[in-house]
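To start, the structure under review is shown below, and the notes come after it.
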Amino acid sequence: MGNDIILKTEKLTKQYGEGENALLAVNGIDLEIRKGEFVAITGESGSGKTTLLNCLGSLDRPTSGSIIFDGRDITGLSDNALSAYRRRSIGFIFQNFNLIPVLNVEENIVLPLNLDNTPPDMEYLDELLRLTGLDSKRRNFPHELSGGQQQRVAFARALVHKPQLILADEPTGNLDSKNSREIISILKNSIKKYDQTLILITHDGSIAAQADRICRITDGVLSE
Amino acid sequence: MKHLISLSIKYIRRQKVRTFLTFMCIMLSAFILATVCSFGSSLYTTLYNYTEHDDGLWEVDVTNWVRQAEDYSKALDIVKNHAVVDDYLQSHSEWLSYKEHIGFFEISDGKSSSRAQMIISDSYYGNKKLSAANSPDPNFNLDTDNTEGVFLPSCFKKMGYSEGDTVTFTITPFSARLDEDSDIIKQLRAELKEKNGTSLTPMDIGFEHLSEELQQKASGANLFMSLQLRDIDIDDYPLTDLGYGEPAEYTVKIAGFTNGMKGFGTSYSSFVNTKSEGVDLEKVYEKNHFLEKSLSDEMFIRVKDDCDYEKALETLFTDLGHDYNTEFYRDTFQHHENSTLLGLEWKSADAIYSILPLFVLPLLAVLLIAWFIARFIIDNAFEMAVQERSTHFAALRIMGASKGQVAAIVLIEAVFYCLTAVPLGILTAIFICRSAFNSFHRIGFPLFEFSVKGVFLAIAAGLCILAILVSAFTSAMWASRKLSPAEALNFGKPKSKKRRLRRYKSKLNLSSKRFLRRYTRKNIGASKSRFVISTITMGLGVLMFTFTALIGTFVKDVSGILNREIDCDYYVQTLYADSGFTENADKYFAGNDAFSEFRINSYFTTGITSVSDTSEVSDKRLSNILEKGMSMVFAVDEGEYNRDYFDEITGMSYEEFRDSGTAFFNISNTIHDPDTYKTTEVSERRYEKFSKPISVEGSQGFKTDVTGVVYSPKAIGYALIVPIEMADGYTTEYDMYLTVNGMKNYEKANSTMEKYIDSTTLIQFEDFFMAKTGLKEFVKAIVKIVLIFLISIWLVGILSMINCVNTSVLNRSRELMMLRSVGMTRKQLRKSVILETIMFSATAAVIGTLLGLGLFLIFVYLLIREPGMLHIGKVATVLIASLTLNIIISLLSAIPAIRNLGKVEAIAQAAV
């Protein structure tokens, strides 16, 4: 693998069901992503975009093939090792914010660091809160925030541990256009500043157009 | 770890409703388990108290082992000092009396004297607590351990002595005979002649020459008894021809006085020895060998707790010089055991087996049921608590939380509930159990004792904590292992790996009832395990409710039957009443408000010697009695007369009846069904009055005018009813019945009865209070306690159902919003929730009711084997009531879920 390839897949396949009910959600995908790259993945509903993302983020185990992250094959790792991989190297952002309702904004953001027993970098945390416009809301709970604010908390949570890889599944799906533009802008600034790689699933052509590379997935097969 | 603890605490603090529901479920579970254990512990202690009270603390009666030993005194010492014997009680009695002739003993201090017909000397060695608290011998309870001196007969009090005095006295046997020339003896002889046809008694010479008929008639005659009945003191007996034996002298300190005893024409003087001093009757016997001496020894022991019980008995038996293999099981070496006590102390295997069915097994069965209920409830509560947060746990897993970390969050919550809900549930149970047992005290059961032994509490707490940890662990494993983060995020519930993809033909007609039913079935099917658990929990609650309601009705009926069968709280029978009997009884009981009922009656027979015109007597059997035979006579007082409805039927008050000097026959108008224990009147109550009274004369001068025939419910057929005053002279046996006027008068009634018994002799007394009035109150108290237990189990079932339906609604918030967005109305959504509730709660209600009925039938047919006491009508009523009530409660439980529909809509709309 080249020095700057952060993520690579070889014949990655994910099958659901068996026999005549078998469904190939991801069908033999070979993919190489460089460090610092912004890759947009598009495709119709049910094409396998989310499944691919879940496999890349170790949320789902592939049926066959391999995933090599930063020179390390993660497909055969134990659950604890994968949990550590997600904690330290991946930042997830979903369409549904998935905040913990009993924690306030600051507690939600630092949750990945708490799970890793890593003390938060308070300067970086303050910067994140400023960037996402949540400075005055750090003690508020999710049900006290608007949808856009909740998504910003999710963003901040995904970035607080400075992951090498950010995986975003329709992050702007529930936001208006203004919030969408702001979120993408924050993401792009962050990946540039911290040399992070971003893989983003979107139906929005304007967002996809901002990516360094656009990949299209159809019936589980990736094409560029 | 501290972050996980912090997160768990935040969940507990900020999800108030969820925390409250889970807390209540766990607290109720702990309450149920602790209630069973507290009652079990208190019942154990109460049973122990009753055993101690009724039988004492002795474990083995080794009297026969000691008596059969070669050296009796040595054997006693061996037992007292044996290594396996923890404690012992030896009671030693010596009796002296005349063997062949009429004889007495003179007890004299040189200045005055007193007589006795028999002398007894009792000694007690060891621990008196080994004997029953209510020993029939009043002298047993004298403090022989700590008092100096000897307890002397009460005649010494009459001689002017007091406690603490030192007295020198002699005991001298003397023979004598009753002075036939004395007025009293002459009078008694005349009375005997008149009554029995002979003045002789079995103690008189020539009695054996009398005819068989006379001997039979006079068999109970006893001049000494007659003197006793006339309250003539033994010191005033008219005696003549006194022949004195050799005196034996004693000098003792007076520790106190014993109660004198009277038997059938015999009076005893008792000496009770203490540890410091004694009166040895051997001294009297040594000088007067013509006397009869009897010895009685009893030896009771307790085996040491740290010994193997069976081995200890074998060792002791062998050390007393007996062969264990050949002699231990022989009749002559029979040893009685206090089985119940041994079982409760968990000492003897045989004894433990004997109390297993009575105490241990029922308790274990109830505990097992309670544990299953608790397990289901807690399982349900944790499952709901975890499933509601499935997306949160998924988010944590995505963030990189390990399975162990996710599981730890649930387990930390479990620890919180262990430290809070469990102690609170246990404390509540202890409080309720304590007040229940204290109420038993108040209603007259002083031996009922509330006590919560550590072992029992530990069992309750342990079982509850075990249930919590098991449930929390399984829920935690589900949250961390079974739940795939991706699945949870996207669908909210885990998928089975082997699930086939089905293709449904769309039948989406939202207004159709068929859609509603399919949609409801789908929801139930999608969360099958949750609904199954909730159905089982609620079903168990309904089972317990139905079973206990049926048992309660049954017990009420049975206690009613028992109450009917038992006539009174106190029954007194005299054996040789004199003419003042009824007057004496009236002094104590007539008009005494401690008693709601007081009646006296007497049965005797009279041979009919003459009868006038019987043409008006229509009953053939009655005619036969009047013309040919013996008639039973039933003498009644006012209480008995009114109780048997004679006043209503004849129209005569008791005073009128008594003053008329007449009588009437009674024929019963009832039949009794032995299977159902019911008595039914088959004809109307009436009084067939004769136009002219029939004069009847009987043996021994009995004479009366019979005015008619009464048909009444009194179950004594063909008996002549006469006023009690007419019985005097014809009978010496009277039956007295008293009923206590409610629990509040129990102590006063008991005290009056004790005074009456002390004032009379020759009576037989039975106390039925616990089976009659006491039983009613006892049943009431038990019902209250059972009701509390019932309600808590019921609450648990309802909470479980609320939990389940509520969670089902909350978990489907998006789905419900989608249905609203495609046109489903709120009313249809509500119908769906109600239908969901009905589908599983009706199942639970029906299954629970049927199982409850099944359990009840097993109880009646197989355990107590009294199917005849079943009332089908009452059983059916209870079943219908149980079913209806539980379904109504179930429907009401859907209300919180229906209310949540509004909240769900609002949340779903906010998320769009």
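By convention in this document, chain letters (A, B, ...) are assigned in the order of the sequence lines, proteins followed by strands, and residues within each chain are numbered from 1. Side-chain atoms are counted along with the backbone in the values below, which use heavy atoms only and exclude waters and symmetry mates.
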> Going through the checks in order, is the side chain to side chain contact (heavy atoms under 4.5 Å, CB included) test met by B:H3 and A:N117?
Replying inline: CA-CA 8 Å; B:H3 299 295; A:N117 280 322; 3.8 Å; yes
>> The test is side chain to side chain contact (heavy atoms under 4.5 Å, CB included); show your working for A:L115 and B:L396 and say whether it passes.
In response: CA-CA 9 Å; A:L115 290 172; B:L396 285 168; 4.2 Å; yes
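- Counted within 6.0 Å of CG on A:D219, heavy atoms from surrounding residues, nucleotides or ligands total 12 or fewer; the atom is thus considered open.
- B:R397 CZ to A:R86 CZ: the interatomic distance, rounded to the nearest 0.5 Å, is 5.0 Å.
- Of the atoms belonging to A:I100, it is side-chain heavy atoms, and not backbone ones, that fall under 4.5 Å from chain B.
- Residues A:S83 and B:A401 approach most closely at OG-O, 3.6 Å, considering heavy atoms.
- Put simply, of A:G91, A:P101, A:G57, the one with the most heavy-atom pairs under 4.5 Å next to chain B is A:P101.
- In this structure, no portion of A:Q150 lies under 4.5 Å from any heavy atom of chain B.
- Only the side chain of B:L4 comes within less than 4.5 Å of a heavy atom in chain A; its backbone stays farther off.
- With values rounded to the nearest 0.5 angstrom, A:L82 atom CG is found 12.0 Å from B:S402 atom OG.
- At distances below 3.5 Å, not a single donor-acceptor pair connects side-chain atoms of A:R87 with backbone N or O atoms of B:M399.
- No more than 12 heavy atoms of other residues, nucleotides or ligands shown are found within 6.0 angstrom of CD on A:E44.
- Using a 4.5 Å cut-off between heavy atoms, A:Y85 makes no contact with chain B at all.
- Looking at heavy atoms from C-beta onward, A:N98 lies out of side-chain contact with B:I398 at the 4.5 angstrom threshold.
- Dense packing is recorded around CZ of B:F23, with more than 12 heavy atoms of other residues, nucleotides or ligands lying under 6.0 Å away.
- Remark: side-chain polar atoms of B:Q15 are not paired, donor with acceptor, to backbone N or O of A:V102 under 3.5 angstrom.
- Contact of A:R88 with chain B is not made at all, since no heavy-atom distance falls under 4.5 Å.
- Residue with the most contacts toward chain B among A:T51, A:N80, A:D79: A:D79 (heavy-atom pairs, distance under 4.5 Å).
- Between chain B and the options A:H161, A:R157, A:H143, the largest number of non-hydrogen pairs under 4.5 Å is found for A:R157.
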